[in-house]
Each structure stands twice: as structure tokens, then as C-alpha cells.
Protein chains: 2
Amino acid sequence: MAPPTDPNHGPAPRAAGVRVTAKDVAREAGVSIATVSRAMSNDPTIAERTRTRVLQQADAMGYSPNLFARGLITKRSGIVAMFANNITNPFYPEVVVKLTRQLQDLNLHTMLFTSDDGEDMDRVLTTLRQVNPDLVVILAATVTSGALRAFRDSHTPVILFNRYVKGAAASSVCCDNFEGGRMVARELARAGHRRLAFIEGLAMASTSADRRDGFMAGAADVGLDPPMIHAGGDFSYESGQAGIKALFAPCEPRPDAVFCANDIIAMGAMDAARGDLGLSVPGDLSVVGFDDIAMAAWPSHDLTTVRQPMRAMIDRVAVEIQRVMYSDAPDPQAHFLPGRLVVRGSARLADGGDLHP
Amino acid sequence: MAPPTDPNHGPAPRAAGVRVTAKDVAREAGVSIATVSRAMSNDPTIAERTRTRVLQQADAMGYSPNLFARGLITKRSGIVAMFANNITNPFYPEVVVKLTRQLQDLNLHTMLFTSDDGEDMDRVLTTLRQVNPDLVVILAATVTSGALRAFRDSHTPVILFNRYVKGAAASSVCCDNFEGGRMVARELARAGHRRLAFIEGLAMASTSADRRDGFMAGAADVGLDPPMIHAGGDFSYESGQAGIKALFAPCEPRPDAVFCANDIIAMGAMDAARGDLGLSVPGDLSVVGFDDIAMAAWPSHDLTTVRQPMRAMIDRVAVEIQRVMYSDAPDPQAHFLPGRLVVRGSARLADGGDLHP
DNA sequence: ATGAAAGCGCTAACAA
DNA sequence: TTGTTAGCGCTTTCAT
């Protein structure tokens, strides 16, 4: 079917000028604006004949209702505000785009907000509140409890993506980062690795911390020494390069496996291990990442990694959005979705495994 | 299926939160709502003392003006709609995020729209028009002239990013793709390459076509045979793998240099050349990409490529946005920004060069 | 089944 | 300098 505003559908579009309003359509169709409104919103009380006539007229004039005027009355902006400040990791832009795509089918619109780092974030969140979003999705960013409270006060539900704040008035949809880390440690141990190491991402990111804690717990489970930890980096390729060099700087003990807070770090670590350190991967060192971004599968790195169930996470967010929007006083819910170990050539490992088998 | 504007889709949604309005602040501060409005919008006619008092009260109550009620009157939504359907190439998500960041400082808000591909694009653009954006930025997507006309009719300026439509009522900010391609051909020839090849991206993308045409023009300039062209792919890694294999399938002539429509393709071509074909890069084959995404610089690929001046392009878009928003009947302008050849290890080349020296 | 009228929250004349 | 009033474009009673 032709879209309602297809200019090649029906008579020539109205002479260029101001935007066509319900009033214009009403006048041309010989009805009241209330009837136009009813026609546009599928009000069942309208006569079928009138409805089609009005719709046709609207179509011909290229009319579509002003979403914000509508929102002023219905108290629903139809807007989902997404906040993301992670840009070096292609995982999150991809989530933004895919989630946007999905929300479009629910007649919801994405408004995008970003901040460079911590300090101006509250300023951005204030701006964000001005647009009265029906809902806020915060992607892998640390948000102050003050900001969370402000949202609760304005009755704006919040969904955290890959972030979990205990006791907060916000829903969460996360990959089970802790279990993912634990699984990696166990599998590495099972394949005979003895000296584990971990390269952190951003210190304040719970994704990094949870993966690390899970990794350490897993090492403890199987009786290995606590993994060496390289801290102080961010989620970048350069952090991976720097991390692996730092881990190998002391003569002993040298790790035989390194787990990284995300794939980008892992690729940096792998390239530096091979290039600068002259190590064989996985011969001398197994490297494992987290995310499973597209290029992890490329032969150039062939990276063993924990795949975040992106599709399932996005679907879960969409469901949570609907739940939260269509219930009166929704309790925040936390969802943890299991990751899956994707075994490739960068690590000496036996086999894949699920987080929650 | 319910029309895109159906608000009665499903059960009645809960009303969004009760928000503090200008009326509330006015009551508490003992002034009229007009005064509140003046205080919030820095109207110079208001008394300084009143202004601070009102602002304080507003602050205390957590008030911020409803952007859309304001827009209803001022005829300015403050919204920039961005349309992007390219998701496999990390270049564009990065542009979206960075441009958003920049617009925030101009008090403009980004609304994001995507479509999977051509057909449902008009439907998405219809939805997009409902939000009355002050301006539309279309990123590297092909738009129908009908859609462009619809925007012109509703007086919504359009800026095309890396797309140029001759005679269209839309501004353009592009990397000079044609000259970029030409430069690559010339530089390859200068370094002694004789049998050039090109791997296309999506057929309908002008970025791919312009780079190809420039490349062919450059080859002609220096008297080389017309490059072999591999068509029928998209902008993916897999297209690069398939492309290079197809180019090497016939025994003769075999290319000694391949230029790819973007970096992702180039990496696929390079990995397949080395892996599947057992070639040495750049010994047997030089590989050149386009974009200079972050990972092009990673040692794993060390890709020679044409760098798009992303920062300059984004700045240019911001300037164009301001120009278009603050003038009555702005003529669309086209800007072509020169790329720069970044010489790395994937190609036997003499030296870097600028598009417009 | 349709229309008239009352706003949603805000800004912009126009008065005072 | 401030308040009053009239809408922006739309939905939603309440009549008819």
C-alpha cells in the first residue's frame, strides 16, 4: 500500500506552504476537526464511509497528525530516550540502531542523547527530561542515583541496558556478565591453563567489574591462583595493547591465558602479544574476549569470546518497554540473559558452553 | 494492520508521570505563567530579581519547560531527524553519535530513524515527518525524489550526508568520493601497479559508484587499462572475500592492486587474499580501502585507505544546519570535502597525497 | 455518527 | 516590568 503521504498518490499535493493541519483536512472534507481526529485514530464510532473519505482527503493533502500536539493531550510523547556514551565499542551503536528499528514498529520514536563522560551527564539528563520521554533506556552507562531519583519523581520508567543497580527504581536487561566471566575461567582451567589474567575496561563500568569478579570466582572454583588483574584502562584497543605488555613486564609469573573485558581490548591484547611480544596465540597465550562483535569472527583475529545475546536482549527490552508502558505502577524487573562461549582459534579450549546449561 | 498513527493500538497505556508545569511554578512563586516563561527563556524585559526568584523556584520544583508545547507555538521543534540505514559500517553510527553530541550544544535534539532497506523507507520517512523536525539529516542512504519533494513541500530542509542528488532541494555534505577514487588510481599507477581492480559496495549507493568512477577516471588519466570491476555485493566483509575470489578466478589477467568501496570490504578482501588465495599483501597484491575507520590502523590489517574527514564533515553539517535554520529561504548548498590517502602497509605506495593539493 | 467546546503547556501579542 | 488573553494542533468530553 502506498504510504499516506505518497505525493504520487491521488491529486497533486497541496501547494507548498505551511504544514497541513487537521483543520485544513476538515475544511476540504466538509467535516469537523473532531471527525478528522477520529478518522486518523481509528475511532470505532466513526462511520466507515466518512472514515475512508477523510483518510483519502488526508492522503491527498499529505496530512499526518502532529505527534506533539497529540502528546500534549494524551500525555504520551511516544518517545523513548536512549542515552549512550560508549562509542568506541561498536556493540552499543548497533544496539541503538536495532532497538530503534524495533521500536518503530511499536510506533515509538527514538531520541538519542550522548555525553562524553561523567560530569556533563547530569546536564544531558536534564535536557533529556525536557522532551518528556515515555521511557528512558540507558545503555551501559553509569548513572547517578540522583538522576535515577529524578526520573522516578517524574514517573519516567528507566530501563538499564547492561547495567544493574541494586534496589534502584529501574529495570535492567543485562547479559549475565558475572556468569560469563566464571564460565571463561572454568573452561580455560579445564583446557589446562594455570595462570589466568584479566584486562579491565573502564573502572566504573559494572560490565567490566562483573566479568572480572565472575572470572575470579571461576578461578577460585577450580582451585587456581587468583588471576592477575590489569586495571586502569578503558574499553579501547590501546588498553588491550598496554594491558598485555604490563602483564608480561615482570619475569614471573607469566599468564598462559588472558580474558579481556571486551572484544576490542582482546584484539589489542592479541595483536600486541603477537607483534610486540612475539608470542604465539594461542600457542603461548590464549586470548578470550567478550561481546562477539562482527569482526571477532574475522579470520584476522578469529577470537574466542563470550557472545552477548544481543537479539534476545533487544527483544527483552522491547517486551519490558511494553510492560512498563501498559501497566499502572510497574515494578522494575531485572533480567539477566546468559551469554554463550564461542570457541574460535585464539584460545586453546575444548568446546563451547552455555552460561546456564 | 493498524495505520501508523493509531494511538488506540492495544490496551490503554498508563498516563506518563505527572510533571511540574509552568502553572505550578507560577503559583508557588506568586507570579503569572507568562513571567515564568520569560524567566525560563531569558527574556531581557524581566526584572533581574524576579528572574532569579522564579528560576530558583523552578529549580527547587524540578521544573523544565515542555519542549513540545513550546514548539507548538514557536514552530520550532528543536528536533533534527537523522535517518540512517547503514549499520554494518561503523563509520555511520559514529557519525550519528558525534553529530548528536555536537547538536546537543546547539540545543538541538536528535531523533533517530532507520530502515532495513529501500522498500519500507518511505513509510519510515512518513513517520519521521510526523515529528515535525526542524531539519532532516540523511546519512548515506538513497532517497527517492518523491520523499525529497515531500520535505520541500513541508518546508523541512534536508541535508544529505555522503550523498549528492543533482538539482535536488537538499544540501549535501560529502567526502569527495570521485576525487578520492581518482587519487587512489593515480598513486597505485605511480607506484608501478598495472592491473587495477575495484570491489563495489551496494549498487545503488552513490558513495560506491563515485569512488568507482573516480578510480576508473584516474586509471584512464594515466593510460592504464580500465580496472576490473566486481559488482553485486554490499558493504560487508563477506563482499570483500567474495569479490577478491571472483577477481582471481579467471587465470588472466590477475590484478596487482585492488581498491575497495570501503574499509570493511577491503579487510575482507585482504583476509581472503592472504588466507584463501595464499597471496602476499602487499607483495602480490596491494589493497586500498575507503573511510579510515579505527581498526584500519590496527596492526592486524594496517590498511592503506582514503580517510574521510569525519570531523570536518560533521562540523560542516553543524554549520549548514545553523545556516539553514537561521535564514528564511536558504538555497541548498553542496559541500565536497577532500579525503586524504593514509598510506599503511597493505599497499606498495610511495607517499600520502591530498585530494586537492 | 457527528459537531461544539474545552483544554493540554506553553509563548507572544497587547495592555496596564 | 508584569499580567491578561489568545491561540499553536490536537484529543476528548458532552451534546445533539
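In this text, all values refer to a predicted model and were calculated from it rather than measured experimentally. Chain naming here is simple, since letters A, B, ... match the order of the sequence lines and numbering starts at 1 in each.
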Hey, which of these two, G30(B) or F68(A), hits DNA chain D nearer its 5' end, going by closest nucleotide?
-> G30(B)
Which whole-number value in Å describes the distance from R49(B) CZ to dT2(D) C1'?
-> 14 Å
Reckon S41(A) has a side-chain N or O less than 4.0 Å from the OP1 or OP2 of dT11(D)?
-> no
What is the nucleic acid contact for A47(B), judged by heavy atoms within less than 4.0 Å: base, sugar-phosphate only, or nothing?
-> sugar-phosphate
Give one of base, sugar-phosphate or nothing for A34(B), where a contact means two heavy atoms less than 4.0 Å apart.
-> base
D24(A) has an atom CG; how far is it from atom C1' of dC10(D), in whole Å?
-> 13 Å
Quick one: sort the F113(A) and H109(B) rings into parallel, tilted or perpendicular, breaks at 30° and 60°.
-> tilted
Start and end of chain A contact along DNA chain C [non-hydrogen atoms, under 4.0 Å] | dA1(C) to dG9(C)
Atom CG of N66(B) and atom C1' of dG9(D) are separated, to the nearest Å, by 14 Å
What do the steps show when you test V136(B) against V80(B) for side chain to side chain contact (heavy atoms under 4.5 Å, CB included), and what is the final call?
-> CA-CA 6 Å; V136(B) 180; V80(B) 173; over 6 Å; no
Which residue lies more 5' along DNA chain C, comparing R38(B) with R53(A) via nearest heavy atoms | R53(A)
How is V31(B) classified with respect to the nucleic acid when contacts are heavy atoms under 4.0 Å: base, sugar-phosphate, or nothing?
-> sugar-phosphate
So, Q333(A) and S171(A): side-chain donor and acceptor under 3.5 Å apart, yes or no?
-> no
Qualifying residue for side chain to side chain contact (heavy atoms under 4.5 Å, CB included) with M82(A), from L103(A), V95(A), T114(A) = L103(A)
Just how far, in rounded Å, is P of dT12(D) from CE of M40(A)?
-> 14 Å
Return the angle between end axes of the helix from dA1(C)-dT16(D) to dA16(C)-dT1(D), with five pairs used per end and rounding to 10°.
-> 40°
Is the number of heavy atoms from other residues, nucleotides or ligands under 6.0 Å of R49(A) CZ greater than 12?
-> no
Separation of atom CZ in R76(A) from atom P in dC10(D), rounded to whole Å = 18 Å
Is the shortest side-chain N/O distance from K75(A) to OP1 or OP2 of dT11(D) below 4.0 Å?
-> no
Spacing of I79(B) atom CD1 and D134(B) atom CG [to the nearest 0.5 Å] | 7.5 Å
Donor + acceptor pair across side chains of S77(B), N132(B) (<3.5 Å) | no
Distance-only criterion, 3.5 Å: show the donor-acceptor pairs between side-chain atoms of residues 29-41 of chain B and protein atoms not counting sequence neighbours.
residue : atom : partner : partner atom : Å
S32(B)  : OG   : A34(B)  : N            : 3.4
S32(B)  : OG   : T35(B)  : N            : 3.3
S32(B)  : OG   : T35(B)  : OG1          : 3.3
S41(B)  : OG   : S37(B)  : O            : 2.7

dT11(D) phosphate, OP1 or OP2: any side-chain N/O from T74(A) under 4.0 angstrom?
-> no
Calculate the interatomic distance between I33(A) atom CD1 and dG7(D) atom C1'; express it in whole Å.
-> 13 Å
Using only heavy-atom distances, determine whether the side chains of S64(B) and Q130(A) contain a donor-acceptor pair under 3.5 Å.
-> no
Identify which nucleotide among dT12(D), dG9(D), dT1(D) has an atom closest to any side-chain atom of S37(A), counting heavy atoms from C-beta outward.
-> dT12(D)
Between dT11(D) atom P and L72(A) atom CG, what is the distance in whole Å?
-> 11 Å
Criterion salt bridge (charged side-chain N to carboxylate O under 4.0 Å, His left out) on D315(A) and R311(A), from CA distance to verdict = CA-CA 6 Å; D315(A) 289 345; R311(A) 186 74 260 160; 3.6 Å; yes
Heavy atoms under 4.0 Å, any strand shown: does T35(A) hit a base, just sugar-phosphate, or nothing?
-> sugar-phosphate
